[in-house]
Amino acid sequence: MNRKVYGKLIFELSRKGRRGFRIHAAGQAQLPAGIPANLLRQEPLELPETDEPTVVRHYTNMSTNNFGVDTGFYPLGSCTMKYNPKINDEMAAHSVFAGLHPSTPTYAAQGALELYWTLQKALCEIGGMEEFTLNPFAGAQGELTGLMVIRAWHFSRGEGEKRRKVIVPDSAHGTNPASAAVCGLEVVEVKSREDGTVDVADLVPLLDDTVAAMMLTNPNTLGIFEKNIPEIARLVHEAGALLYYDGANLNPMLGVARPGDMGFDVMHINLHKTFSTPHGGGGPGAGPVGVRKGLEKFLPNPRVVKRSVTPDGFPVDKNRRYGIEYSPSALGSVSATLGNFAVQARALAYILSFGSEGLMEAGKLATLNATYIKDSLKDVYLLPIEGLSKHEFVFDGLKDKSTGVTTLNIAKRLLDHGYHAPTIYFPLLFHESLMIEPTETESRETLDEFIGAMREIAREAAEDPETVKTAPHLTPVTRPDDTAAALNPVLTYDML
Ligand SMILES: *Cc1c(COP(=O)(O)O)cnc(C)c1O
């Protein structure tokens, strides 16, 4: 790597007095008259001074130091880092949407409200739910909102005080217990069986009239479909509790199976995983929440409604068809606005461009691609759970443990091959978890190349383990000290 380009800060490239532009005196802005002297800056700002090519190359090179789904394959399990069609970004960035002010009156924002309403209906169809709110800004906020709906329902039946427990499987994503705790509920863990699914025998004694809900991810974080859902739903409902579906893994289910039909009462969907928003790095998200019939009145405010007639029976003017309502029975507001509009716009563009058949194909391809990688590598990587899996799966490191090469080493060596590492050491069920999710958008050639790199690393681990253990060798930054970085972060130039 070119140290000169990669290793320096823009301030180190600065030369006193150097300029990247020259503006003819006549074109220079005049200071507006009347700014009081005490408000004018006394000392000149300390800014880097460089020529234009230097600054352009600096930032362009820096942008290529980062790994993105536009630069390479990104099999980060549980995160669904799929390539998203650019057309959806273009739709969301269209000036009619991007230029809209959040406080635009409803008669002037009919198109945007129609988009919200249409997406909400599409998600109801996809999830098998009665109604959706698109207001939450993330999967985790969707979980919290869904649990608040569940609490509001129990309170409406006079059982809110006594039902304070939420049952969460030991394989669950960390946000599940966190959301339950933030909601003021107590987390109770249910164990998984050898095959990775919920242990129904362990669940039964946990179910009583102190339980508010059980949260389930299906397929779970091991990529395994929970076959016992009908029985689990019956047991949970018999105990008077509700069943919550964490829909962050909805990708393989699209058009194939619906949580509402499986007996779930409340669910959230991660638009930024399944429905075409680039995800990761804390980027924008949306965690719409759907509920079955009977729970919709507790969904948060504000809501988007479609009216065809006025209360007196007159047809509604076309500029007033979509409106915003505040329901007194709602649990309140979870966001100041109607959620993350640009993420919703991408999701609707994605759903409409695929159509229901296209979505079903996407779901099945996600499963096929993951299964293809799994079956192509299970002779050299340890597959702790045999059998069918969906859009993702977990290896427990290399099969041959004698080399001392760990999952961390494998992940680091993959960077040298030009791939983003899979998710490592999650789920916590195995010592050397390596969780791979290819997504449906990758071609056979990309999958074959990745399989080739994984096999090459396995071969290298046996023949030259030191090279794998000291990887990466070809990246601009090699092995940062994660712990020191977390304990003593250097965040600005001044702190160097
Ligand atoms: C990503 C994820 C979440 C949380 O979603 P965020 O938008 O990151 O808050 C919850 N559950 C599962 C299974 C996930 O993969």
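Along the sequence shown, residues carry numbers from 1. Ligands are counted one by one from 1 in listed order, and the atoms in each one are counted from 1 as well.
A salt bridge links Asp70 with Lys86: at least one charged nitrogen is closer than 4.0 Å to a carboxylate oxygen. We find that Lys82 and Glu437 are not joined by a salt bridge, their nearest charged nitrogen and carboxylate oxygen being 4.0 Å or further apart.
Within the structure, ligand 1 has Ser78 among the residues with a heavy atom less than 4.0 angstrom away. Proximity of Gln141 to ligand 1 is not established, as no heavy-atom distance is less than 4.0 Å.
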Task: Pair Asp209-Lys162, salt bridge (charged side-chain N to carboxylate O under 4.0 Å, His left out): steps then yes or no - done: CA-CA 7 Å; Asp209 64 0; Lys162 105 178 145 181; 3.7 Å; yes
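From the protein, the heavy atom lying nearest to atom 11 (N) of ligand 1 is Asp246 OD2, 2.6 Å. The single protein non-hydrogen atom nearest to atom 9 (O) of ligand 1 is Ala140 N, 2.8 Å, given as residue, atom name and distance.
Per-residue contacts place Glu143 under 4.0 angstrom from the following atoms of ligand 1 (heavy atoms of the residue considered): 10 (C), 11 (N). In the vicinity of Ala248, heavy-atom distances shorter than 4.0 Å reach the ligand 1 atoms 2 (C), 11 (N), 12 (C), 13 (C), 14 (C), 15 (O). Listed by atom number, the atoms of ligand 1 under 4.0 Å from Ala138 heavy atoms are 7 (O), 9 (O).
Proximity of Asn270 to ligand 1, defined as any heavy-atom pair under 4.0 Å, is confined to the side chain (atoms from C-beta onward).
Proximity of the aromatic rings of Phe450 and Tyr419 is defined here by a centroid distance below 6.0 angstrom, and this criterion is met.
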